[in-house]
Amino acid sequence: MSARPRRGDDQRRQRILAVVDSIPRGRVATYGQVAIEAGLARRARLVGTILGHLPPRSPLPWHRVVNAAGTISLRPGAGASLQRRRLEREGVRFTAKGRIDLARYRWRPDV
DNA sequence: CGGTTGACTGTTT
DNA sequence: TAAACAGCCAACC
């Protein structure tokens, strides 16, 4: 009876991915925001960990997730430029310091 | 099985 | 505005 993967873990993962998948084009959400929407408050890091394990060709809009400071968390060389390119192509603008104005682009899901 | 690491964040300096 | 800190916890070694 051991080693059966825990259903709970996989469910949490799926819920996080579902939230990411629902972020509209041209808007962004923070890791913490995704965690809350998925019912996992304060698990921002888990969101990052899971996104980091996505397969390279994932159809998910993972690029619409940024950190609370409005900057890209990926390290240079790990896809950071790809994320920025994708966002800019959707109309999301970056400041000279590489920051996104969250007050303007943050996704606000309808309650 | 314990220690380290990291696509994080809110608070305090 | 920026840096330091503490809390967080799954994945890795």
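Letters A, B, ... are given to chains in the order of the sequence lines, protein chains preceding strands, and every chain is numbered from 1.
If you check every strand for non-hydrogen atoms under 4.0 Å, L46(A) touches sugar and phosphate atoms only. Among the protein residues, G32(A) comes within range of the sugar-phosphate backbone only, with heavy atoms under 4.0 Å from sugar or phosphate atoms but none that close to a base.
Under the 6.0 Å distance and 45° angle rule, R84(A) counts as a cation-pi partner of F94(A).
Following rounding to the nearest Å, N67(A) (CG) and dA2(C) (P) show an atom-to-atom distance of 13 Å. The separation between Q33(A) atom CD and dT9(B) atom P is 10 Å, rounded to whole Å. Computed from coordinates, the Q11(A) CD to dA10(C) P distance equals 15 Å when rounded to whole Å. We find that OH of Y31(A) is positioned 18 Å from P of dA10(C), with the value rounded to whole Å. For the pair H63(A) NE2 and dA7(B) P, the interatomic distance rounds to 19 Å; values are reported in whole Å. Whole-Å rounding puts the I50(A) CD1 to dC12(C) P distance at 12 Å. In this structure, I16(A) places its CD1 atom 12 Å from C1' of dC8(B), rounding to the nearest Å. The interatomic distance linking D10(A) (CG) with dA10(C) (C1') rounds to 14 Å, in whole Å.
For R45(A), no side-chain nitrogen or oxygen approaches OP1 or OP2 of dA7(B) to under 4.0 Å. Regarding contacts with the backbone of dG6(B), every side-chain N or O of T49(A) stays at 4.0 angstrom or more from both OP1 and OP2. In this model, the phosphate group of dA10(C) is approached by a side-chain N or O of R12(A) to a distance below 4.0 Å at OP1 or OP2. Between R43(A) and the phosphate of dC9(C), there is a side-chain N or O to OP1/OP2 separation shorter than 4.0 Å. Contact between the side-chain N/O atoms of R99(A) and the OP1/OP2 oxygens of dA2(C) is found at a separation under 4.0 Å.
Comparing dC12(C), dT9(B), dA7(B) against the side chain of T30(A) picks out dT9(B) as the nearest. Nearest nucleotide to the R75(A) side chain, out of dG6(B), dC12(C), dT1(C): dG6(B). The listed nucleotides are dT9(B), dA2(C), dA11(C); the one nearest the side chain of K97(A) is dA2(C).
Distance alone, capped at 3.5 Å, places no donor-acceptor pair between the R64(A) side chain and the S22(A) backbone.
In this structure the side chain of R106(A) reaches within 4.5 angstrom of the side chain of T30(A), judged on heavy atoms. Residues V28(A) and V65(A) are not in side-chain contact: their nearest non-hydrogen atoms beyond the backbone lie 4.5 Å or more apart.
To the nearest 0.5 Å, atoms CD1 (I23(A)) and CD (Q33(A)) are separated by 7.5 Å.
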